[in-house]
Amino acid sequence: MTSSPAVDADPQTWNGEGLDRTSPNRNLVPISLDQDPEGRLRLAGCGLSDLARRFGTPLYVLDEATLRATCRAYRGALERHYPAPSLALYASKANSSLAISAVVAEEGLGLDAVSAGELLTALEGGMPPERIVLHGNNKSAEEIALALQHGVTVVVDNWRDLELLAELCRGRTEAVPLMLRFTPGIECHTHEYIRTGHLDSKFGFDPDQLEPVLKHLAGCRWASLQGLHAHIGSQIFEIEPHRDLAGVLADALALARDLGHPCGDLNVGGGLGIRYTIADDPPSIDTWVAAVATAMVEACRSRGLALPRLLCEPGRSLIGTAGVTLYQIGSRKPVPGYSTYVSVDGGMSDNPRPITYGSLYTAVLADRPDAAPVERVTLAGKHCESGDVLLRDLPLPESRPGDVLVVFATGAYNASMASNYNRIPRPATVMVHDGRSELVQRRQRPDELLRYDVLPERLRSVG
Ligand code: LLP
């Protein structure tokens with residue numbers, strides 16, 4: 001394994017390269033991945049095919065060391081490059097569980113939640129409420145009330161949030177901590193579904209609403225505006241839009257302070273990309289943080305502003321590389337003149353990203369990652385939909401039903417976006433660390449899926 005990626009290598013298979021221990025988001029594989037003397041892949045000392053046998057497939061496996069390393073990479077870089085206080089908040093939409101919340105809390109990060117479910121998971125996982133923010137472009141009164149009840153900072157996204165907050169805060173003597181999200185009007189190159197910073201977006205106040213809302217808030221005794229927030233998009237490899245964002249946020253901060261808000265925090269959102277295939281070349285966490293921090297210092301100094309606390313909200317780059325998914329190979333269908341379909345026991349319900357965004361991944365056989373490919377296959381899922389394809393043109397060595405296949409970089413937006421399409425139960429998640437493998441999310445059983453169905457009395461006699 002070497003540290004420099006072979007850019008001309010086949011993008012969807014792993015040849016042992018792309019391992020850069022200094023910045024896990026630039027790795028294709030988790031940092032604890034290695035091979036046993038027989039060449040079989042191990043993660044944190046646990047054989048991947050052993051895990052598949054023990055816990056079943058599909059199986060999400062999380063490498064705790066990679067998650068801790070990315071947390072430390074963000075914390076360390078913020079401390080090195082930003083001369084005022086800072087805090088990285090984990091965007092838990094990327095992958096939310098008690099175990100992840102506990103690890104991230106222990107590493108000293110905060111957390112961004114976007115629903116009552118994510119909020120409860122964070123609190124129950126031990127994340128201190130003062131390090132949590134609640135986002136959302138259509139928060140319910142219940143979600144806001146839950147945040148207020150626990151002292152979680154609400155990020156105000158729109159006028160409706162303010163109406164709900166005003167109602168919920170009636171009679172309160174202490175002001176509640178709020179942040180304000182606005183659309184920065186910055187374009188970036190990523191899939192249109194995950195771009196949020198451009199003006200035509202459902203998230204946050206339009207820039208021309210910023211002054212009216214800041215004036216309005218100045219008159220709300222129940223509100224204490226802690227800071228401003230903007231997020232430009234996700235899986236971004238460019239640094240420039242993040243630098244531009246610092247200027248846009250600093251302008252807004254100047255306005256807010258002019259209008260009497262103390263506003264100690266600026267939150268630049270998340271967005272740093274990761275390596276899904278060897279051809280991807282994202283900046284390192286250190287490079288990203290250095291650019292954001294430097295741009296923020298320059299933007300504030302040139303406007304004569306005291307430095308705010310710098311917040312950021314990485315999701316994908318914090319957890320994406322830590323996760324792999326294990327599948328078992330099943331049926332095979334060669335279609336002469338077209339392609340050979342090799343099917344696995346999961347698919348779009350455990351990883352909806354290929355069918356949703358056309359996302360690419362990298363995959364190898366767990367026990368023979370070095371075997372020479374003998375064919376190119378279409379790796380299909382088991383769902384009743386032709387588009388349920390996880391990887392196309394995947395070079396694969398000879399394979400048999402029951403062989404375990406590993407897909408890398410599935411730690412972000414896989415488990416959290418999983419569905420029960422075709423009534424397929426959600427996979428388990430196992431966390432591995434120092435030779436230990438621990439179940440952190442139980443596999444659903446098909447019969448459990450019936451728990452939410454209600455058969456009306458009058459239909460009980462049918463059949
Ligand atoms: N903060 C806010 C306000 C966000 O909306 C997001 C992501 C993040 C932080 C974290 O961004 P990240 O560091 O993960 O790029 N399902 C899509 C990604 C949607 C991202 C939504 N917002 C995917 O699978 O690519």
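Just so you know, ligand 1 is whichever comes first in the structure, and atom 1 is the first atom listed for that ligand.
Checked by atom type, the side-chain pair E118/S92 shows a donor-acceptor distance below 3.5 Å. A donor-acceptor contact closer than 3.5 angstrom is absent between the side chains of T321 and N27.
No more than 12 heavy atoms of other residues, nucleotides or ligands lie within 6.0 Å of CD in E124, so this atom counts as exposed by the packing criterion. Counting non-hydrogen atoms of neighbouring residues, nucleotides and ligands closer than 6.0 angstrom, the CZ atom of R80 exceeds 12 such neighbours. The environment of Q149 atom CD is dense: over 12 non-hydrogen atoms of other residues, nucleotides or ligands sit within 6.0 angstrom. Y421 OH: more than 12 foreign heavy atoms inside a 6.0 Å radius.
Shown in contact with D112 at under 4.0 Å from a heavy atom are these atoms of ligand 1, numbered in order with element: 1 (N), 9 (C). Near H229, meaning under 4.0 Å from any of its heavy atoms, are these atoms of ligand 1: 3 (C). Which parts of ligand 1 touch G270 is read off a 4.0 Å heavy-atom cut-off, strictly below it: atoms 9 (C), 13 (O). For ligand 1, the atoms sitting less than 4.0 Å from at least one non-hydrogen atom of E313 are 1 (N), 2 (C), 3 (C), 8 (C), 9 (C), 10 (C), 13 (O), numbered in the order shown with element in parentheses. Every atom of ligand 1 with a heavy atom of P314 under 4.0 Å away is listed here by number and element: 13 (O). Interface of M417 with ligand 1, defined as ligand atoms under 4.0 Å from a residue heavy atom, comprises 16 (N), 24 (O).
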Given the rule in the side-chain hydrogen bond (donor to acceptor under 3.5 Å, both in side chains) test, do S86 and R309 qualify, once you have shown the distances and angles that lead to the verdict?
-> CA-CA 5 Å; S86 57; R309 183 167 71 138; over 6 Å; no

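Here's the thing with H135: none of its N/O atoms is less than 3.5 angstrom from an N/O atom of ligand 1. Checked against a 3.5 angstrom limit, the closest N/O atoms of R316 and ligand 1 fall inside it. Polar contact with ligand 1: present for S234 (N/O pair, distance under 3.5 Å). An N or O contact shorter than 3.5 Å links G315 to ligand 1 by distance. Considering both main-chain and side-chain atoms, Y357 comes within under 3.5 Å of ligand 1 through a nitrogen or oxygen pair.
Taken from CG in L272 to NE2 in H242, the straight-line distance is 7.0 Å, to the nearest 0.5 Å.
For the salt bridge (Lys or Arg N to Asp or Glu O under 4.0 Å) test, residues two or more places apart in sequence or in another chain that qualify with E64 are R68.
Within the 6.0 Å centre-distance limit, the rings of H135 and H229 are counted as a close aromatic pair.
Of the heavy atoms in A91, only side-chain atoms (C-beta onward) come closer than 4.0 Å to ligand 1. Looking at T356 against ligand 1, nothing comes within 4.0 Å, counting heavy atoms. Only the side chain of H231 comes within contact range of ligand 1, with a heavy atom under 4.0 Å; no backbone atom does.
Assignment of G271 to the shell around ligand 1 is supported, since a heavy atom sits closer than 4.0 Å.
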